[in-house]
Protein chains: 2
Amino acid sequence: MPATHLAGPILVIGTGLLGASIGLGLSQRGLSVWLQDPSPTAQTVAQDIGAGRILTTDQRLAPELVVVGAPPDVTAQVVAQALLDYPAATVLDIASVKSSILAALLADDRLDAAALARYVGTHPMAGREKSGPAAARGELFTSVPWVMCSHERTSPESLKTAEAMAIDLGATVSRMKAKEHDESVALISHFPQVASSMIASRLLNAPGHALALAGNGLRDTTRIAASDPKLWIQILSHNAPALVDILHGMRDDLGRLIGTLEEPSAPGALLDLAQLMGEGNAGHARIPGKHGAPPQAFALVTVVVQDRPGQISALLSDIGAAGINVEDLRMEHSAGHQVGLVDVSVIPGRRQELIDVLTALEWKVVQ
Amino acid sequence: MPATHLAGPILVIGTGLLGASIGLGLSQRGLSVWLQDPSPTAQTVAQDIGAGRILTTDQRLAPELVVVGAPPDVTAQVVAQALLDYPAATVLDIASVKSSILAALLADDRLDAAALARYVGTHPMAGREKSGPAAARGELFTSVPWVMCSHERTSPESLKTAEAMAIDLGATVSRMKAKEHDESVALISHFPQVASSMIASRLLNAPGHALALAGNGLRDTTRIAASDPKLWIQILSHNAPALVDILHGMRDDLGRLIGTLEEPSAPGALLDLAQLMGEGNAGHARIPGKHGAPPQAFALVTVVVQDRPGQISALLSDIGAAGINVEDLRMEHSAGHQVGLVDVSVIPGRRQELIDVLTALEWKVVQ
């Protein structure tokens, strides 16, 4: 049983994907976890997968920690009630927006300074392609950044309890003000989401012959356009001010680009396009690499594989046997053939060695 | 030696990545390939990697086919000269834009109907993260869509020759009008490129604490923002009209979104956001799947792996041994830990079997 920094019991209110995953992860660490959800089904599924035990209305509980996993819309209300119901507990929420929830709590007359001191707004940067407690997993937070947004009145003890839970679950903890957090996620999460949705929505009336030419560029830029609208509508509306600022910047860029492309032979037009592409290069280069390392250009080695069971595993088995770590792996999808290309990323210093090893083993390395 | 539908000789004018790759692929099929490039270095590198032999100015050649791999800016001019220099040859180009090149050729007084009959505009949907002949590879076109844009005067023989070359190189051939092609690539390639650049350019002044939270959503939407500006400036300026139409649509969407987010509590605001997300869902769902198959939702199985050599290969080896094909594989990058999650996509019918197999082999499957 992994070590834990908490004593428990823990109460999880809202047993969706994230709440149930927290319950599951903490239960696996031997903590006593209780569950509550307005949906009897969600509650029961969470209990069935081992996330904890359902708390019935007649039971008295004195939790060390209450985790609120409610939708953003109702989070402040559920947090406030938990602060009132459990006067000794630290109460944290895990919603993707923080300022609007904090503002609502600070404005709540029922909450005195002692109650507010026990509240910590947090945000684990985790998610899955699926939602609901059936998709929960205790390892969901492994290596995931988990932001702690303590406010001016948060007590050091409550912050420590919240951080202990995130660390127990394997997350990487950082601290920000609520406003800093909201501006950060507006930029690195909410903005890419709406941009991706806007790119994908242009495909609605696209002819089939155009879509048949789609490559990885289109697939990558639109992957998150498949996200669930229900949750995103709440996130976007709750973080509207921070997101609007960024969208104004994009609208300015887009207006300039349209002006340039409407007169592509005008003086300076090519320079404008060069600037757009150059700024894109420079912005992209600022995204940190794997494990929070500085951005690093890995070297690619491309290998031809047959599209049948065991081919990629055989390839990676040969790479592993050579003691070379695969930093990333990408399959190139394209239409019509049952043979494909696999791009293997390795640190640049080992690229040639990898090519030599694979060639010697009669893999078709393309260079 | 693989079969070929061509007799040769072939002349490749312009030995960058694509031209040299074509020369290499055709040489590997036993054809006689000649090379020409305004850059003596590019020409020599292409010859050194086996793409063909350099054609000196005093040599007489009667090629069956001339492949023009020049930048879009000078493609029409090089094609016209080739049609004049080699009066028996089919001449094709491989630039990413087609209408502007065709228009320039049709307007060229030196070219009569017989000369124009030998021209075929083509576009292989291939590329690499690197450019130049040193990055060339004969397999670059394997499974890649290769569009043939014959025009009204193209002779059936020349179209057949051009298609034979693409098929020889392993590509999947389709036919379109130049305008259809340009509108198609504006939508599925040029538009995602500029959108990705615009997303990434917003990161230029982002604080480090925001970038540290970056996940796969931001990484995916901005990956192609790292593309080489030099080539893209030409592509964008040559396909400006088709691209501008799409950008107008995006500007309308963006304007509406900004209006909605400026008053997120106004009546109908949530409905507007739901519509944006819903259209993104629907547009994304129209992108065809692997091998040109209808879009298919693969089932994901997520496995915890240590980030050290051999782990992923051992995992895939176990999957391969079970006879299950990996349709896609994705490594989840995040900051701070040396343990990660691998998402393995399989056809839905085999998901449970895969989970059972991996669990029995003591892999940590997260569900």
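Here is the naming used below: chain letters follow the sequence lines, and residue numbers restart at 1 for every chain.
Residues Asn216(A) and Arg223(B) approach most closely at CB-NH2, 3.7 Å, considering heavy atoms. The shortest heavy-atom contact between Ala240(A) and Pro264(B) is CB-CG, 3.7 Å. Of all the heavy atoms in Gly278(A) and Pro229(B), the pair that sits closest is N-CG, 4.5 Å. When all heavy atoms of Met125(A) and Leu213(B) are compared, the closest pair comes out as CE-O, 3.7 Å. In this structure, Gly217(A) and Pro192(B) approach most closely via the heavy-atom pair O-CB, 4.5 Å. The shortest heavy-atom contact between Val194(A) and Leu257(B) is CB-CD2, 3.9 Å.
Top candidate by heavy-atom pairs under 4.5 Å with chain A, chosen from Pro207(B), Ser227(B), Gly255(B), Ala269(B), is Ser227(B). Of the listed residues (Ile246(B), Thr222(B), Ile258(B), Asp253(B)), the greatest number of heavy-atom pairs within a distance under 4.5 Å of chain A belongs to Ile258(B). Ranking Lys364(A), Glu279(A), Arg202(A), Met198(A) against chain B, the residue ahead of the rest is Arg202(A), based on heavy-atom pairs under 4.5 Å. Of the listed residues (Val185(B), Val147(B), Leu236(B)), the greatest number of heavy-atom pairs within a distance under 4.5 Å of chain A belongs to Leu236(B). Your options are Gly249(A), Pro241(A), Ala195(A), and the one with the most heavy-atom pairs under 4.5 Å with chain B is Gly249(A). Contact count against chain A (heavy-atom pairs under 4.5 Å) is highest for Leu204(B) among Leu270(B), Asn239(B), Leu204(B).
By the neighbour-count criterion of 12 heavy atoms within 6.0 Å, atom CD of Glu263(B) is sparsely surrounded, having that number or fewer from other residues, nucleotides or ligands.
Contact of Gln193(B) with chain A is made through the side chain alone, with heavy-atom distances under 4.5 Å. Proximity to chain A (any heavy atom under 4.5 Å) is shown, for Ala274(B), by both the backbone and the side chain. For Ala226(B), the parts lying near chain A are the backbone and the side chain together; criterion is any non-hydrogen pair under 4.5 Å. In this structure, no portion of Lys230(B) lies under 4.5 Å from any heavy atom of chain A. Within the 4.5 angstrom heavy-atom criterion, atoms from both the backbone and the side chain of His248(A) approach chain B. If you measure heavy-atom distances from Ala282(A) to chain B, the contacts under 4.5 Å come from both the backbone and the side chain. Ser189(A) does not touch chain B: none of its heavy atoms, backbone or side chain, sits under 4.5 Å away. With a threshold of 4.5 angstrom between heavy atoms, Ile224(A) approaches chain B through side-chain atoms but not through N, CA, C or O.
With values rounded to the nearest 0.5 angstrom, Arg251(A) atom CZ is found 9.5 Å from Arg251(B) atom CZ. Interatomic distance, CG of Leu261(B) versus CG of Leu247(A), reported as 6.5 Å (0.5 Å rounding). Considering CG of Leu276(B) and CH2 of Trp232(A), their distance stands at 11.0 Å, rounded to 0.5 Å. We find the CG-OG distance between Leu273(A) and Ser197(B) to be 10.5 Å, quoted to the nearest 0.5 Å. Taking OG of Ser201(A) as the reference point, atom CE of Met277(B) lies at 11.0 Å (rounded to 0.5 Å). Rounded to the nearest 0.5 angstrom, Ser317(A) OG and Leu315(B) CG are separated by 12.0 Å.
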Walk me through whether Met250(A) and Met250(B) qualify under side-chain contact (heavy atoms from CB on, under 4.5 Å). CA-CA 11 Å; Met250(A) 189 191 207; Met250(B) 189 190 207; 4.0 Å; yes
Going through the distances and angles, do Ser184(A) and His209(B) end up as a side-chain contact (heavy atoms from CB on, under 4.5 Å)? CA-CA 7 Å; Ser184(A) 296; His209(B) 64 250; 3.2 Å; yes
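Asn281(A) places a side-chain N or O within 3.5 Å of a backbone atom of Ala225(B) that can act as its donor or acceptor partner. For the pair Arg286(B) (side chain) and Ala206(A) (backbone), a donor-acceptor distance under 3.5 Å is present.
Ion pairing between a basic and an acidic side chain is recognised when a charged N comes within 4.0 Å of a carboxylate O; Arg219(B) and Asp220(A) show no such pairing.
When each of Asn205(A), Leu203(A), Ile199(A) is tested with Leu187(B) by the rule side-chain contact (heavy atoms from CB on, under 4.5 Å), just one qualifies, namely Leu203(A).
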